[in-house]
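Side chains are part of it too, since the values below use all heavy atoms of this structure and drop only hydrogens, waters and symmetry mates. Count residues from 1 along the sequence.
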Amino acid sequence: ATFGVRIYTRGSMLVDHVDRSDTHLASAVLQVEQSVDEDGGWPLEVLLPNGRVGEVYLQPGEMVLYEGAWLRHGRPMRLKGDAFANVFSHFAPLAWTGPSTSPDDFYGYARGRCNTLADEDPEAKCVVDGKW
């Protein structure tokens with residue numbers, strides 16, 4: 001599925017989330033346009049399985065592919081700029097019906113981390129649904 005151009009304006013943020021596992025196994029973000037302050041930029045933050053945060057900075061015409069249904073991601077810092085335009089596409093194999101999960105599977109979180117904020121204390125612990 002491809003969604004039209006989404007335009008974010010000054011002060012916008014995209015709360016950390018995991019995409020739908022039934023239809024959004026893989027995700028792509030195409031950077032269409034941006035007007036950001038000199039000290040701006042608005043990275044896509046991805047919480048990696050090792051608990052570290054990856055920051056992806058795109059320029060217009062560039063694209064990033066990632067496992068959106070598994071990796072928690074977002075843009076939790078406020079946009080410093082006038083506009084930021086992206087196109088989102090999500091993919092899954094034709095026969096895909098979602099992951100086979102057990103009660104121990106825990107998508108979207110690295111052990112001990114609840115969000116992707118890069119300046120969060122990496123030693124901080126969280127508990128989600130009684131796990132970790």
Side-chain angles (χ1 to χ4, degrees):
T2 298
F3 299 90
V5 177
R6 289 189 187 160
I7 300 173
Y8 300 91
T9 57
R10 184 174 297 279
S12 293
M13 67 179 292
L14 182 58
V15 175
D16 297 334
H17 64 282
V18 176
D19 295 333
R20 296 174 48 155
S21 60
D22 58 338
T23 59
H24 293 43
L25 185 63
S27 301
V29 176
L30 172 64
Q31 179 67 42
V32 177
E33 186 58 57
Q34 62 183 352
S35 173
V36 296
D37 297 346
E38 188 172 318
D39 64 342
W42 201 35
L44 174 66
E45 292 189 356
V46 180
L47 182 59
L48 303 172
N50 64 4
R52 298 186 72 180
V53 175
E55 291 186 339
V56 180
Y57 289 86
L58 297 174
Q59 296 300 313
E62 295 180 337
M63 178 185 291
V64 62
L65 298 169
Y66 58 97
E67 294 180 84
W70 184 63
L71 297 171
R72 192 163 209 57
H73 57 281
R75 296 180 193 268
M77 292 177 266
R78 299 282 180 186
L79 171 60
K80 293 181 182 179
D82 295 323
F84 203 86
N86 290 327
V87 172
F88 298 88
S89 290
H90 303 283
F91 311 89
L94 290 176
W96 181 256
T97 58
S100 298
T101 60
S102 71
D104 294 328
D105 288 340
F106 203 59
Y107 284 79
Y109 291 95
R111 189 172 301 276
R113 293 290 303 271
C114 288
N115 62 41
T116 64
L117 286 173
D119 56 353
E120 177 186 300
D121 177 2
E123 300 302 317
K125 302 296 179 202
C126 70
V127 177
V128 179
D129 295 334
K131 298 178 183 178
W132 300 345

Subject >> Name of the residue among Leu47, Val46, Asp19 meeting side-chain contact (heavy atoms from CB on, under 4.5 Å) with Leu71 >> reply: Val46
Original post:
Heavy atoms, side chains only, cut-off 4.5 Å: are His73 and Asp16 in contact?
Top reply: no
Original post:
Do any N or O atoms from the side chain of Glu38 and from the backbone of Gly40 form a donor-acceptor pair under 3.5 angstrom?
Top reply: no
Subject >> Nearest-0.5 Å distance, CD of residue Glu33 to CG of residue Asp82 >> reply: 11.5 Å
Original post:
Does the side chain of Val56 reach to within under 4.5 Å of the side chain of Tyr66, using non-hydrogen atoms?
Top reply: no
Original post:
Under the side-chain contact (heavy atoms from CB on, under 4.5 Å) test, which residues partner Val36, sequence neighbours left out?
Top reply: Gln34, Leu79, Phe84
Original post:
Got a second to check how far Asn86's CG is from Ile7's CD1, nearest 0.5 Å?
Top reply: 10.0 Å
Original post:
Cluster question for you: counting only ILVMFWY and a side-chain heavy-atom cut-off of under 4.5 Å, with indirect links fine, are Tyr8 and Leu58 together?
Top reply: yes
Original post:
Got Asp37 and Arg10 here, is their nearest side-chain heavy-atom distance under 4.5 Å?
Top reply: yes
Original post:
Considering all heavy atoms of both residues, which atom of Val18 and which atom of Ala69 are nearest to each other, and what is their separation?
Top reply: CG1-O, 3.0 Å
Subject >> Non-hydrogen side-chain atoms of Val29 and Gln31 separated by less than 4.5 Å >> reply: no
Subject >> Donor-acceptor pair, side chain of Trp42 and main chain of Tyr57, under 3.5 angstrom >> reply: no
Original post:
Are Leu14 and Leu30 joined in one hydrophobic group, where the rule is that I, L, V, M, F, W and Y side chains link up if heavy atoms are under 4.5 Å apart?
Top reply: no
Subject >> Pairing residues for Arg78 by the side-chain contact (heavy atoms from CB on, under 4.5 Å) criterion, not counting sequence neighbours >> reply: Met13
Original post:
Minimum heavy-atom separation for Ser27 to Gly68, with atom names?
Top reply: OG-CA, 3.6 Å
Subject >> Asn50 side-chain N/O to Arg52 backbone N/O, donor-acceptor pair under 3.5 Å >> reply: yes
Original post:
Under a 4.5 Å side-chain heavy-atom rule over Ile, Leu, Val, Met, Phe, Trp and Tyr, are Leu65 and Phe88 clustered together?
Top reply: no
**OP:** Kindly indicate whether the side chain of Val53, heavy atoms from C-beta on, has any atom under 4.5 Å from the side chain of Leu48.
**Re:** no
Subject >> Atom pair CD/CE of Glu45 and Met77 - distance to nearest 0.5 Å >> reply: 3.5 Å
